[in-house]
Amino acid sequence: MRSAAAPGRALACCLLLAALPAAAADFAYEIRAGDNPWNLTQRYLKDLSYWPRIQQYNRIAEPRRLQPGARLLIPEQWLRLQTREVRIDALHGEVALTGADGLLRPARVGDLLAPGMKLVTGEAGSAALAFADGSRVQLRPRSELGVQQSADFAAGAGSWVRLELLRGSVDSLIAPRSGPAGRFEIQTPAAVAAVRGTRFRVHADGDAARNETLEGRVAFGNAAGEQSVTAGQGSFARTGVAATAPRTLLPAPALPPLFADRLPINRPFPALDGATAYRVQIAGDASFDTVLIDGFGPAAAVRAADLPDGEYRVRVRGIDGDGFGGLDADAVLTVDARPEPPVLVEPGPDARVSDQQPTLRWSRARADERWRLQIASDAAFSSLLIDRDELSEPSFRPEAPLPPGIWFWRIASRNPDEGVGPFSDAQSFRRPPPGPAMEPPQAGPEGLALRWRDAGPGMRYQIQIARTPDFTAPEVDARTDSPAWLLKDAQPGVWHLRVRSFAPDGFEGDWAPTQAVTVPEPAPAFRPWWLLPLLWLI
């Protein structure tokens, strides 16, 4: 494009002119009605001696008949520019600044970046740059960004900003360009994204670059070819390879408001069709100038190992199989996890507790800690049996016996600095039913009839009969569906008996107290032993 007399060809190649290596320092000016080399020189160039150079540089044959909409190339060094500051407006984590000497030093909020300076973020570092026109560029973790140009044109023609993203990612919120010459460019080793006002992302990785446009339109490409990428689209380019045709980005995931009362945080959200991974960012405010957490992975979940109590902003987007990030979903995350609940020590999870008044124990974090204890018959704690507050010792024993059954308990901590924290996860234990009480045995013609209290529908029983009270070698060890047992051919002497029940789900009850019965020695032949009196020992 050296001639304004060929506006069609000019418009076809000027979209990304500043991206072409040979014209990297050229500014592309769009001709307006009434423009000519003389008044353009007067308005924008350093002095009037440059007007013949513009005509020669652009091969203008008829300077009085410039075609509106065509572009003029103007070398940067000819322009009358007023440098405007680029300021670090926010930062988090490890962020370093390098100047002309190439030495890195820690960056600080308020630092100014002159052309030639670079900003580098570490593994968890992020920063936001503020420009004089209200534009903002947010540098994400593991990124490197250089400032090449930030200046205003003369005569209110707008501003010209050129940044160089060497690696990593930026989110850009570019104010609409004022004046006929306004332009904002982000260059990468593979391609350039140029806009006049929009919101978009750029990612650079070696010889590859990717653009994702969220609002407005971005001119994206290189010397091999460029694309006009509109809202909801993305494009990819490699060094020396034309940018791909715009493709539709994934929609925003469904992300409800989030609340976390446990650490670490793990809050799933509905998976997104077409997403192979997700980027989850957590920031301290809605601007997302800096991010506290920038996570990437296949799980559709908001995760954080540790965050102080407070309110945060979460931003989530799906990533498709080619690496393009989709539209963002934002939500509020409220963290109220402190003081953290204690560790429930005793009874352990699903423990079997025979003690009718079991002692419950938990951990202590600090001397001035107090606790609230709840015991309920259901996991939702809608049927509370005990609700005790202001416990000063990390243990509790119920004043009254707990009935047999499944019980759930949980603890919440309180301290003067953090107030009342959330309850611990509920933990259950089971009080077994007592062993069935035995009735006195009845001797009969068939043997010794043993009976005990019926424990209820669906219950089964285990009976043991032994010569010794430790039941190490029982003569009888049997299970039955009936609350009765017939002991045949009992030998004389002392017999020890015990019974326990089994619930329909297999949970075993406690053994009933051991009973003893004495079978007497045989009498004369004409008197059967079952007619002799039995000695029932309890």
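Bear in mind that the values here come from a model prediction, so they are computed numbers and not experimental data.
Residues V332 and R313 form a side-chain contact, since some pair of their non-hydrogen atoms from C-beta on lies under 4.5 Å apart. Within the 4.5 Å cutoff, no side-chain heavy atoms of T213 are placed close to those of T230. For the pair D417/R366, a side-chain contact is recorded, criterion being any heavy-atom separation below 4.5 Å from C-beta on. In this structure, the side chains of P422 and P341 come closer than 4.5 Å at one or more pairs of heavy atoms.
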message: Would D205 and R142 count as a salt bridge (Lys or Arg N to Asp or Glu O under 4.0 Å) here? Give the steps.
response: CA-CA 11 Å; D205 183 10; R142 304 171 295 280; over 6 Å; no

- request: Show the numbers, then the answer: is there a side chain to side chain contact (heavy atoms under 4.5 Å, CB included) between W495 and E475?
  value: CA-CA 10 Å; W495 293 90; E475 300 286 336; 3.5 Å; yes

- request: Start with the C-alpha distance between D207 and R238, add both sets of side-chain angles, then the distance that settles salt bridge (Lys or Arg N to Asp or Glu O under 4.0 Å), and finish with yes or no.
  value: CA-CA 6 Å; D207 66 346; R238 288 193 180 277; 3.0 Å; yes

field: Audit row: D387, R372, salt bridge (Lys or Arg N to Asp or Glu O under 4.0 Å) steps and yes/no
entry: CA-CA 7 Å; D387 189 357; R372 182 180 180 183; 2.8 Å; yes

message: Walk me through whether W409 and L344 qualify under side chain to side chain contact (heavy atoms under 4.5 Å, CB included).
response: CA-CA 9 Å; W409 66 296; L344 307 188; 3.8 Å; yes

- request: Please lay out, stage by stage, how L272 and L250 fare under the test side chain to side chain contact (heavy atoms under 4.5 Å, CB included).
  value: CA-CA 8 Å; L272 187 64; L250 291 175; 4.1 Å; yes

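Under the 3.5 Å distance criterion, the side-chain polar atoms of D171 are left unmatched by any main-chain donor or acceptor of F200. At least one donor-acceptor pair under 3.5 Å links the side chain of D320 to the backbone N or O of G323. In this structure, S135 contributes its side chain and A175 its backbone to a donor-acceptor pair below 3.5 Å. Between the side chain of R431 and the backbone N or O of S354, at least one donor-acceptor pair lies under 3.5 Å. Of the possible donor and acceptor atoms, one in the side chain of T121 sits under 3.5 Å from a partner among the backbone N and O of R140. Judged purely by atom type and a 3.5 angstrom limit, D111 uses its side chain to pair as donor or acceptor with the backbone of R108. Formation of a donor-acceptor pair under 3.5 Å by the Q374 side chain with backbone atoms of F408 is not found in this model. Under the 3.5 Å distance criterion, the side-chain polar atoms of E439 are left unmatched by any main-chain donor or acceptor of R451. Side chain of D89 to backbone of L129: no donor-acceptor contact under 3.5 angstrom is found. Side-chain atoms of S363 never come within 3.5 Å of backbone atoms of P342 as a donor-acceptor pair (strictly under, hydrogens ignored).
Legend: residues meeting side-chain contact (heavy atoms from CB on, under 4.5 Å) with R364, ordered by chain and number and at least two apart, are E369, W371, E393, P394. Residues passing the ring-ring contact (aromatic ring centres under 6.0 Å, His included) test with W452 are Y461, sequence neighbours excluded. Here A124 pairs with nothing under the side-chain contact (heavy atoms from CB on, under 4.5 Å) rule; sequence neighbours left out.
In this structure, R352 forms no cation-pi arrangement with F429, as its terminal cationic atom is not both closer than 6.0 Å to the ring centre and no more than 45° off the ring axis. Judged by the 6.0 Å distance and 45° axis criteria, R315 is positioned over the aromatic ring of F288. With a 6.0 Å cutoff to the six-membered ring centre and a 45° limit on the axis angle, R498 counts as a cation-pi contact of F471.
Nearest heavy-atom pair across S143 and L139 is CB-CD1, 3.4 Å.
A salt bridge is absent between E390 and R388; no separation between the charged side-chain nitrogens and carboxylate oxygens falls under 4.0 Å.
Residue pairs meeting the salt bridge (Lys or Arg N to Asp or Glu O under 4.0 Å) criterion with at least one member in residues 282-302, sequence neighbours excluded: R136-D289, R279-D294. Within the structure, side-chain hydrogen bond (donor to acceptor under 3.5 Å, both in side chains) contacts touching residues 259-275 (residues at least two apart or in different chains) are R262-D425, N266-R303. Residue pairs meeting the salt bridge (Lys or Arg N to Asp or Glu O under 4.0 Å) criterion with at least one member in residues 455-474, sequence neighbours excluded: R460-D481.
In this structure, CZ in R397 is found 10.0 Å from CG in L402, a value given to the nearest 0.5 Å. Once rounded to the nearest 0.5 Å, the distance linking CZ of R414 with CG of L391 reads 10.5 Å. In this structure, the separation between CD1 on I386 and CG on L360 is 8.0 Å, given to the nearest 0.5 Å.
E340 CD: more than 12 foreign heavy atoms inside a 6.0 Å radius.
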